[in-house]
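Note sheet for the following structure.
Numbering of residues begins at 1 and proceeds along the displayed sequence.
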Amino acid sequence: MLYLGLFLTALLAATLVPAQSEAAVAGMLASGHRPWLVVGVASAGNVLGSVINWWLGTQAVKLGQRRWFPLKPSQIERASEWYRRYGRWSLLLSWVPVVGDPLTLAAGVLRERLVVFVLLVGIAKTGRYVVLALLVLPFL
């Protein structure tokens with residue numbers, strides 16, 4: 001059940017909903033859970049959350065005018081400009097707070113191929129959790 005909670009926390013943290021998963025990862029590592037399993041579950045949830053953003057981006061033209069849609073057209077345009085300027089490699093910054101989530105949405109707006117998207121976002125998100133685990137584990 002803990003791993004399901006970690007997965008859902010990481011998924012939510014990757015969407016446009018303001019949330020963080022690092023404390024949950026650090027807490028599970030501190031509780032003695034297997035580091036590779038914690039990193040794997042958190043990474044899978046976080047990547048899936050980013051895929052949700054990508055899909056929302058593919059639908060942004062339809063959804064962007066709705067009141068409940070979490071981003072303003074100006075925010076989508078700003079992220080799209082960044083993505084156009086730096087290309088798909090900017091997805092390696094998808095782990096960065098504030099910047100990462102709009103980038104993943106912009107990738108959908110600009111129709112980045114899902115396979116490329118998942119590969120680059122997977123590297124970025126997993127890398128972040130690996131670094132977090134390497135920082136936490138020596139103190140346990």
Side-chain angles (χ1 to χ4, degrees):
M1 198 58 151
L2 281 174
Y3 286 104
L4 177 60
L6 176 63
F7 179 86
L8 293 174
T9 299
L11 185 145
L12 187 63
T15 65
L16 298 172
V17 175
Q20 292 185 353
S21 59
E22 289 81 1
V25 169
M28 288 190 69
L29 291 171
S31 297
H33 293 276
R34 292 186 179 121
W36 63 269
L37 189 55
V38 171
V39 167
V41 169
S43 297
N46 217 236
V47 171
L48 182 58
S50 292
V51 169
I52 291 169
N53 288 349
W54 175 87
W55 178 81
L56 285 171
T58 67
Q59 305 300 308
V61 172
K62 292 184 231 173
L63 301 176
Q65 305 305 321
R66 300 212 175 137
R67 206 173 344 173
W68 58 264
F69 195 69
L71 290 178
K72 297 178 181 110
S74 63
Q75 292 172 303
I76 295 170
E77 185 55 36
R78 193 170 342 122
S80 296
E81 285 301 320
W82 176 274
Y83 195 82
R84 280 187 203 101
R85 184 173 183 186
Y86 297 105
R88 64 178 44 123
W89 300 110
S90 63
L91 290 171
L92 293 173
L93 297 175
S94 61
W95 65 272
V96 176
V98 180
V99 175
D101 296 341
L103 273 176
T104 59
L105 188 116
V109 169
L110 297 174
R111 305 289 188 196
E112 182 60 68
R113 289 183 309 151
L114 183 59
V115 171
V116 171
F117 177 87
V118 169
L119 178 65
L120 292 173
V121 170
I123 290 168
K125 303 284 188 156
T126 302
R128 184 232 354 241
Y129 288 126
V130 166
V131 169
L132 178 61
L134 291 173
L135 291 172
V136 169
L137 289 173
F139 293 101
L140 302 179

(request) Please report the shortest heavy-atom distance between Gly122 and Val47, naming the atom on each side. (result) CA-CG2, 3.7 Å
(message) Could you check whether any side-chain heavy atom of Leu119 comes within less than 4.5 Å of a side-chain heavy atom of Val115, counting everything from C-beta outward?
(response) no
(request) Might you point out which heavy atoms bring Ala10 and Ala42 nearest each other, and give the distance in Å? (result) CB-O, 3.2 Å
(request) With sequence neighbours excluded, give me every side chain to side chain donor-acceptor pair (under 3.5 Å) pair touching residues 121-139. (result) Ser21-Tyr129, Glu22-Arg128, Ser43-Thr126, Asn46-Lys125, Asn46-Arg128, Asn46-Tyr129, Ser50-Lys125
(request) Measure the spacing between CG of Leu4 and CG of Leu8 and express it to the nearest 0.5 Å. (result) 4.5 Å
(request) Search all heavy atoms of Thr15 against all heavy atoms of Gly49 and return the closest pair with its distance. (result) CG2-O, 3.9 Å
(request) Answer yes or no: are there more than 12 heavy-atom neighbours, outside Arg84 itself, under 6.0 Å from its atom CZ? (result) yes
(message) Does Gln20 have more than 12 heavy atoms from other residues, nucleotides or ligands lying within 6.0 Å of its CD?
(response) no
(message) If hydrophobic clusters are built by linking Ile, Leu, Val, Met, Phe, Trp and Tyr wherever their side-chain heavy atoms come under 4.5 Å apart, do Val121 and Val131 end up in the same one?
(response) no
(message) Does any part of the side chain of Leu12, heavy atoms only, come nearer than 4.5 Å to the side chain of Thr9, both counted from C-beta?
(response) no
(message) For Ser90 versus Gly87, what's the shortest heavy-atom pair and its separation?
(response) OG-O, 2.7 Å
(message) Check for me, please, whether Val38 and Leu135 land in the same ILVMFWY cluster - side-chain distances under 4.5 Å, paths through other members count.
(response) no
(message) Please determine whether residues Val98 and Val17 belong to a single hydrophobic cluster, defined as Ile, Leu, Val, Met, Phe, Trp and Tyr linked transitively by side-chain heavy-atom distances below 4.5 Å.
(response) no
(message) Could you check whether any side-chain heavy atom of Thr58 comes within less than 4.5 Å of a side-chain heavy atom of Trp55, counting everything from C-beta outward?
(response) yes
(message) Quick test of your reading: applying side chain to side chain donor-acceptor pair (under 3.5 Å), list the pairs with at least one residue in residues 99-114, sequence neighbours left out, ordered by first then second residue.
(response) Asn53-Thr104, Tyr83-Glu112, Arg88-Glu112
(message) Are Met28 and Phe139 connected into the same hydrophobic cluster when the rule is that any two of I, L, V, M, F, W, Y join if their side-chain heavy atoms are below 4.5 Å apart?
(response) no
(request) Calculate, to the nearest 0.5 Å, the distance between atoms CG and CZ belonging to Leu103 and Phe117 respectively. (result) 9.5 Å
(message) Let me confirm one number: the CG-CH2 distance from Leu91 to Trp54, rounded to the nearest 0.5 Å.
(response) 12.0 Å
